Amino acid sequence: MKLKQSLNIAHVLNSLTLIVFIISAVVLYFQAQSTSQIHENISSLQQALHRTTAIEHQFFIYRNRDVINKAHKAFDHYSQTKLALADNLSDQPSSLVLLEQIDTHVKEFELTFFQLVNLQKQLGFNENTGLRKKFRQSVHALQDFSQQLKSKEFEIIILELRRREKDYLLRIDEQYIELHQKELLRASTFLNSDNSSDYKNGLTLLNNYQDAFYTYIKLRDSQGTSENTGLRGKNVVTKQLIEDKIDSLVVLINNHLEASTQTTLLRTLSLCFIAMLISILISTRALQRIFSTFIKLSETLAYIKEKNDFSKRVTITGDDELSHFADQVNDTIAHVEELLTKLEQAQQRLIDDAKMASLGNMVNGFAHELNTPLGVAITSQSHLRGKLGSLKKDFEAGTLQKQSLESIINDAETSLGLMESNLNRTAALITNFKQVAAHQQYDERVEFNVYELTLGIIQSYKPEFKKHQINCTLDIPENLLINSFIGAFNQFISILLNNSIRHGLTPGNELNIEITIKVVAGILHFRYCDDGKGIEEELLDRVFEPFVTSKRNRGGTGLGLSIVYGIVTQKLEGEIEFQSVLGKGITMYIHLPRMDYRTEYEEG
């Protein structure tokens, strides 16, 4: 019997149970609609609460009036979703009580949030409003006065005062307040040492600055300098209460809905089971054929997926619709196998094309860098050969003069010097290129003091630092020992220093370099920064590529940072980040998670 005939008979039998299914479906439909609506309302309430409690974080990121407008909308939206959910919980009094508790906490959160907003309005949303404007004006007035007073001592005091001020505003550490107060006392003592009108005016400006600064700090402390202090800390507690309550509400509602649904399902399924039992007994024979067929299909497809072998085929005997379907599946698998073969061929061609393009770019860059020094060397050689020809001609003719000989010797020395310097430059370029291309191996692992190594490298650059007015500060634990490749560390630190000297200097300005090494959570963090020229924005994404340089045709090869990248990621198995703003210097972060380290007072 054809499968279609068997299914037709089963269809007639199933029609007899349709009435039972319709009744059951109607009941379940209304139950599902009610449950779905409540779940939708709960989801909307959770989203509204998330947006409402997240608005404070957005406010402290952007600190503008747009976020305040969004806050009003978020709180209004929450109220609407809360009312919508309450309407659907009329038969759940315990859930309504919990919902009202959540609403109370949300109102507390809202009140505290707008207190934070009012404090921000007093502080000012930008440098030209509120207390920030007053503080900024007082700072500028005090700095202008210090310059007009023409006292180096007072200028230094004011600079130290500003430095302590910025230290506190950046780090929020009470020790900088104490240092700031000491500098205020020094400035006040200096201005009180003279009773002239200028010094009295300066004392007034100093008092204005002091009042503005400490009022600014007081308002910031009221807001909270972190998420766990001040009004912000209060909202953190309230937010946690809201989250706990909403979780409890969700559990309570779900338990109620689950109990109600189970009761309804138990009743409807009992009726359905009786009606379906008769139909199943009659349909079993047809379904056995269907099940066995699809099991074979599933096994075949699972085998193809696991083994990635598209030569496998479905084997189903018979002359019905399912056997025809199996033949179609086999045809589809064969077609997919053919397409995959073509795809692999196309993929391989794309890989080969990408390799050739990458090789072409590298060769072009390398050839461009070699062209200049080799061109100079060839020109010098040609010039020297011409001079030697003239010398030979004069010598054979017997007309060689001392003056001509001296001139030729001087030209020869100059040409040989040019050839030597440019050939040395070519050799250095090839060496660096080989380091980029092959990631050459460094020395074996040894244990060394990273502070002493870095200090030794800095000492070797002292003549360059004095010549170019470069200051270098180190923030490295003096007792930190690491077991790693000392040559790799030496090279990438030297490359970074060379880059700062070559690319970071600006005429007439000092260059400040900071090197920081810390171990946090078992990871060695290396930070290198300078306040030099920085790098153009369009070069940031390509800064670690070979031959990318801002000094093309002016001595720059563009291989330094590429070598650093290879050392960090390949040799040291770390990560590297690069940041720069044109005119404000560069900052590089290196994170080395696989570093073996200890301190000198620990047992080896």
Side-chain angles (χ1 to χ4, degrees), residues 20-61 67-117 224 227-228 230-273:
V20 176
F21 279 120
I22 291 176
I23 296 173
S24 302
V26 170
V27 174
L28 290 174
Y29 173 77
F30 285 108
Q31 181 74 31
Q33 285 291 99
S34 177
T35 302
S36 176
Q37 184 62 47
I38 293 175
H39 282 154
E40 183 178 344
N41 289 338
I42 293 174
S43 178
S44 297
L45 181 65
Q46 288 177 312
Q47 293 175 7
L49 284 173
H50 176 73
R51 286 194 292 267
T52 301
T53 54
I55 202 70
E56 178 189 321
H57 181 66
Q58 296 179 24
F59 178 73
F60 280 99
I61 292 177
V67 180
I68 299 175
N69 294 332
K70 289 175 63 178
H72 285 294
K73 294 179 180 179
F75 286 116
D76 291 342
H77 179 64
Y78 154 76
S79 298
Q80 295 171 4
T81 56
K82 179 254 180 182
L83 291 174
L85 179 60
D87 291 339
N88 289 316
L89 297 179
S90 56
D91 59 338
Q92 301 184 41
S94 57
S95 297
L96 286 174
V97 172
L98 195 54
L99 183 61
E100 289 302 322
Q101 293 176 0
I102 293 173
D103 188 57
T104 300
H105 291 312
V106 172
K107 289 178 179 177
E108 292 176 1
F109 184 89
E110 180 180 8
L111 178 62
T112 305
F113 171 75
F114 284 107
Q115 289 176 352
L116 290 169
V117 170
E227 292 185 352
N228 298 318
L231 292 175
R232 294 176 68 185
K234 179 180 178 181
N235 262 0
V236 169
V237 176
T238 305
K239 181 180 177 181
Q240 186 61 47
L241 289 173
I242 293 172
E243 292 176 353
D244 293 342
K245 295 289 184 182
I246 192 64
D247 290 341
S248 299
L249 178 62
V250 170
V251 172
L252 185 61
I253 292 174
N254 285 337
N255 289 339
H256 182 274
L257 293 175
E258 183 178 356
S260 177
T261 301
Q262 285 178 351
T263 301
T264 303
L265 284 174
L266 182 61
R267 294 172 180 173
T268 56
L269 287 177
S270 298
L271 295 174
C272 291
F273 176 76

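Basis for what follows: all heavy atoms, side chains included, without hydrogens, waters or symmetry-related copies. Quick caveat, the model's predicted, so the values are computed rather than measured.
Atom CD of Q80 and atom CG of L83 lie 8.0 Å apart (nearest 0.5 Å). Atom CG of L249 is separated from atom CG of N254 by 9.0 Å, given to the nearest 0.5 angstrom. T81 contributes atom OG1, which lies 5.0 Å from atom CG of L45 (distance to the nearest 0.5 angstrom).
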Atom pairs and distances, side-chain donor-acceptor, residues 231-243, under 3.5 Å, sequence neighbours left out:
from	atom 1	to	atom 2	distance (Å)
N235	ND2	E56	OE1	2.8
T238	OG1	K234	O	3.1
Q240	NE2	D244	OD1	3.0

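Under the side-chain hydrogen bond (donor to acceptor under 3.5 Å, both in side chains) criterion, Q92 pairs with S95, H256, sequence neighbours left out. Residues satisfying the ring pair (Phe, Tyr, Trp, His ring centres under 6.0 Å) criterion with F113, sequence neighbours excluded, are F59. Evaluation of the side chain to side chain contact (heavy atoms under 4.5 Å, CB included) rule for T35 yields Q31, H39, L257, T261 as partners, not counting sequence neighbours.
Listed by first and then second residue, the ring-ring contact (aromatic ring centres under 6.0 Å, His included) pairs that reach into residues 76-108 come to none, sequence neighbours excluded. Applying the salt bridge (Lys or Arg N to Asp or Glu O under 4.0 Å) definition to pairs two or more places apart or across chains, those involving residues 88-106 are K82-E100, D103-K107.
Between T52 and A74, the shortest heavy-atom distance links the atoms OG1-O, 3.5 Å. Scanning all heavy atoms of the two residues, the minimum distance from I38 to L85 falls at O-CD1, 4.2 Å.
Results of the side chain to side chain contact (heavy atoms under 4.5 Å, CB included) test with I55 over K70, E110, H72 single out K70 as the only residue that passes.
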